[in-house]
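Reviewing the structure listed below.
First the proteins, then the strands, lettered A, B, ... as listed; each starts at 1.
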Number of protein chains: 2
Amino acid sequence: MVVHGARGRSGRRPTLEEVAARAGVGRGTVSRVINGSPRVSDATRAAVEAAVAELGYVPNTAARALAANRTDAIALVVPEPETRFFAEPYFSDMLRGVGAALSDTEMQLLLIFAGSDRERRRLAQYLAAHRVDGVLLVSVHADDPLPDLLSQLEIPAVISGRRSADETLPSVDSDNYGGGRAAVEHLLDRGCRTIAHIAGRLDVFGAQRRVDGYRDALRDAGREVDEELILTGDFTEAGGRRAMTELLARRPALDAVFAGSDVMAAGARQVLREAGRRTPDDVALVGYDDSAIARHMDPPLTSVRQPIEDMGRAMLDLLLDEIADRRPAVSRGLDKRQLVLPATLVERDSS
Amino acid sequence: MVVHGARGRSGRRPTLEEVAARAGVGRGTVSRVINGSPRVSDATRAAVEAAVAELGYVPNTAARALAANRTDAIALVVPEPETRFFAEPYFSDMLRGVGAALSDTEMQLLLIFAGSDRERRRLAQYLAAHRVDGVLLVSVHADDPLPDLLSQLEIPAVISGRRSADETLPSVDSDNYGGGRAAVEHLLDRGCRTIAHIAGRLDVFGAQRRVDGYRDALRDAGREVDEELILTGDFTEAGGRRAMTELLARRPALDAVFAGSDVMAAGARQVLREAGRRTPDDVALVGYDDSAIARHMDPPLTSVRQPIEDMGRAMLDLLLDEIADRRPAVSRGLDKRQLVLPATLVERDSS
DNA sequence: ATCACCTGTGGGAGCGCTCCCACGGTACCT
DNA sequence: AGGTACCGTGGGAGCGCTCCCACAGGTGAT
């Protein structure tokens, strides 16, 4: 929290040139020291470092950006309105992961919302101006034009989740298929016989995969898949209520529900309570996301946890790789540019 | 969402010079058009704009920053850990206000957390590098060194709330004194006779002012101020519980509580319920902040509302003024650099 | 001794803009 | 007619870096 050097009121900031003069070396040498090049003798390095400290030298980022054609900044782009950003723990967890990984770096993180059309235009302008070296894209829908824009501008990008099985962009996803399986296998273990599924929006690839996991878990256990037991909500509480109401009408004897998100599970829970069904005794319930909602439900909700913070970290790592690789125009193969992290079941009292 | 111009795969971005050549004018003229200078003939302006569109020209921010010695970016600095940022609606409201006001501008907003020592060092480095033209400082404690650092670096800054009655930095505050008065006057109107106050941390100037408002409202109504009825929490739920417990022990007959924050009110409410006191019948309750908590309490909490979004807007306006004024080294008087916005009581069922 | 080849260093060129001075032209005065 | 004022315009200088080439001096092989 201390400003180094005796600069004080002077106003003007020292330049590389001045540091060089003070250390009795050339401009290039100071630059090498500042950037940690190994091609500097120890004695010279020490002299330069002393001069830097004495003058309180701080590199001018604008000059560096201009000369080196990079900004040392990346953006976390949230194609959602701010309200959702604050409402859903997904984003804050992601931000925390990215932020943590970033603090080992000289990189700067920008948070950009692109919920409205207006914001999206601003973002497009921003990207066209190449004000960031790379972009982290969270929560992308299948038909979002943003990824195309990014590749058109040749800006490195990593997305969270995949848009489809053959995602082209580097991505970090969690194992939605495995998570879906785990939820259903758990319910089967508990002895449940009629397990329904409230799926999320099927234009979200992850939601599809959870359904796949649900189906395969049942099949592998020798059960038949009853398509009447699969309904889609839209990831909202109201959607969960609607689906649950319909399910009770279709199959009054069901004894378990796997919901594709905690929020939908909360909606389902309300309907179940109103219908006089106890949880877990009459109907066991499992959610997805392991959000704060799950912990605060009554009874606390069993839920599938995605390692969101880790995903954030992984995304940043991938992006930094992309940025580094793009410099000498190397185009590596697709090896490990698609990461899938495991999802794990967190057992609570609702099942 | 469309990239203008026929650039496509070319890679290199067009420069001012190229636009000038295409438009058949000089570099200076293009610069004037881009920056909206009035000293350009209409015909020339049209020609330049056409060339800009054809080439898909976007100014290089780094070059501009270097030449003009400004960044066109400001920072919203939150001297708190991220968790608090997401937990308290205060910050998101503030961000929304600032963001809204900013979208009329070419300025870019950066969100910077400075909760840990490490983050603070990073921030200091960041500011020393003058990577922003100005700083919005929210939630500053009385002894925070950040404001001093900012003035030492001669970076324009505006803070939310004041550190003391004679705040030197430009600031935007809400009328905490008036808010406190309004809360107490409301309780007096309701016929309450023994009104307690759970104050926030007294090193926060606003919390002090709320106490002042509490005192004066009672005095002006001809009541005596019973110092035993004033306790401090620390703005937390636990603090609210503690204070309420102590208050019940000291003055079992109290019939109203004015809490300096909704969170503390929530803590107090729990203790009251456990003690078998009904709200509002036995003990009326008023909070402060009008946060989501207030709306979701049972019964919904009467609370004092601060126009946080407006405060955010006002802060940005002040800051932009500061930045503009600093350019020709003008040092205006202190007129209207300290803004105080009104606080209003929102009546609900707890009182 | 000659040559090739390192390592450490200095400094020119250039990144793309803004700032500002200078210039020609027109308009209006005396 | 000459003078003065201003407008619109062109382009040089310079912002503070990075990149890279050149070069001195050392080292080891021939």
Side-chain angles (χ1 to χ4, degrees), chain A residues 7 11-49 51-52 55-73 106 128-131 133 327-329, chain B residues 7 11-49 51-52 55-73 106 128-131 133 327-329:
Chain A
R7 180 152 36 99
R12 251 193 66 278
R13 298 163 52 193
T15 69
L16 246 205
E17 194 94 46
E18 288 162 18
V19 174
R22 175 125 191 172
V25 301
R27 199 167 12 86
T29 303
V30 177
S31 177
R32 270 174 289 246
V33 172
I34 299 293
N35 294 292
S37 156
R39 324 194 131 293
V40 181
S41 73
D42 290 347
T44 310
R45 180 183 309 278
V48 171
E49 278 165 354
V52 166
L55 296 175
Y57 171 74
V58 179
N60 180 319
T61 359
R64 174 178 285 174
L66 178 59
N69 197 31
R70 61 190 161 89
T71 63
D72 290 328
E106 294 285 80
H130 283 264
R131 295 186 64 166
D133 294 338
R327 298 232 210 279
Chain B
R7 181 151 34 100
R12 249 193 70 275
R13 298 163 51 192
T15 69
L16 247 204
E17 195 92 45
E18 288 162 18
V19 174
R22 174 123 191 174
V25 300
R27 198 167 14 84
T29 303
V30 177
S31 177
R32 271 174 289 248
V33 171
I34 298 293
N35 293 291
S37 156
R39 321 196 134 292
V40 182
S41 71
D42 289 347
T44 310
R45 179 184 310 279
V48 170
E49 278 166 353
V52 165
L55 296 175
Y57 171 74
V58 178
N60 180 320
T61 358
R64 174 178 285 175
L66 177 60
N69 197 31
R70 63 194 159 86
T71 63
D72 292 328
E106 294 285 81
H130 283 264
R131 294 186 63 167
D133 294 338
R327 297 231 211 280

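- As rounded to whole Å, 10 Å separates atom C1' of D:dG16 from atom CZ of A:Arg13.
- By the 4.5 Å heavy-atom criterion applied to side chains, A:Asp72 and A:Glu106 are not counted as neighbours.
- With rounding to the nearest 0.5 angstrom, the OG1 atom of B:Thr61 is 11.0 Å from the CZ atom of B:Arg70.
- Protein atom OH of B:Tyr57 is 10 Å distant from nucleotide atom P of C:dG16, rounded to whole Å.
- Following rounding to the nearest Å, B:Leu55 (CG) and C:dG16 (P) show an atom-to-atom distance of 14 Å.
- Rounded to whole angstrom, the span from the CG atom of A:Leu16 across to the P atom of D:dC17 amounts to 4 Å.
- Listed for the A:Arg27 side chain is no donor-acceptor partner under 3.5 Å among the backbone atoms of A:Leu16.
- Between the OG1 atom in A:Thr71 and the CG atom in A:Leu66 there is a gap of 12.5 Å [rounded to 0.5 Å].
- The interatomic distance linking A:Glu18 (CD) with D:dG16 (P) rounds to 8 Å, in whole Å.
- Residues A:Val33 and A:Thr44 have side chains not in contact (no heavy-atom distance under 4.5 Å, counting atoms from C-beta outward).
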Are any protein N/O atoms closer than 3.5 Å to N/O atoms in nucleotides 6-15 of chain C? If there are, list each pair with its distance.
| from | atom 1 | to | atom 2 | distance (Å) |
| --- | --- | --- | --- | --- |
| C:dT9 | OP1 | A:Ser41 | OG | 2.9 |
| C:dT9 | OP1 | A:Thr44 | OG1 | 2.1 |
| C:dT9 | OP2 | A:Ser41 | N | 2.9 |
| C:dG10 | OP1 | A:Gly26 | N | 3.4 |
| C:dG10 | OP2 | A:Gly26 | N | 2.6 |
| C:dG10 | OP2 | A:Thr29 | OG1 | 2.5 |
| C:dG10 | N7 | A:Arg32 | NH2 | 3.1 |
| C:dG12 | N7 | A:Arg27 | NH2 | 3.0 |
| C:dG12 | O6 | A:Arg27 | NH1 | 2.9 |
| C:dA13 | N6 | A:Arg27 | NH1 | 3.4 |

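- Here A:Glu18 contributes atom CD and A:Leu55 contributes atom CG; the two are 7.0 Å apart, rounded to the nearest 0.5 Å.
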Taking N or O atoms only and anything under 3.5 Å, show me the protein contacts with nucleotides 23-28 of chain D, one pair per line.
none

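- The interatomic distance linking A:Asn35 (CG) with D:dC19 (P) rounds to 7 Å, in whole Å.
- Using a 4.5 Å cut-off on side-chain heavy atoms (C-beta onward), B:Arg32 and B:Val25 make no contact.
- Atoms CZ and CG, on B:Arg64 and B:Asn35 in that order, are 5.0 Å from each other to the nearest 0.5 Å.
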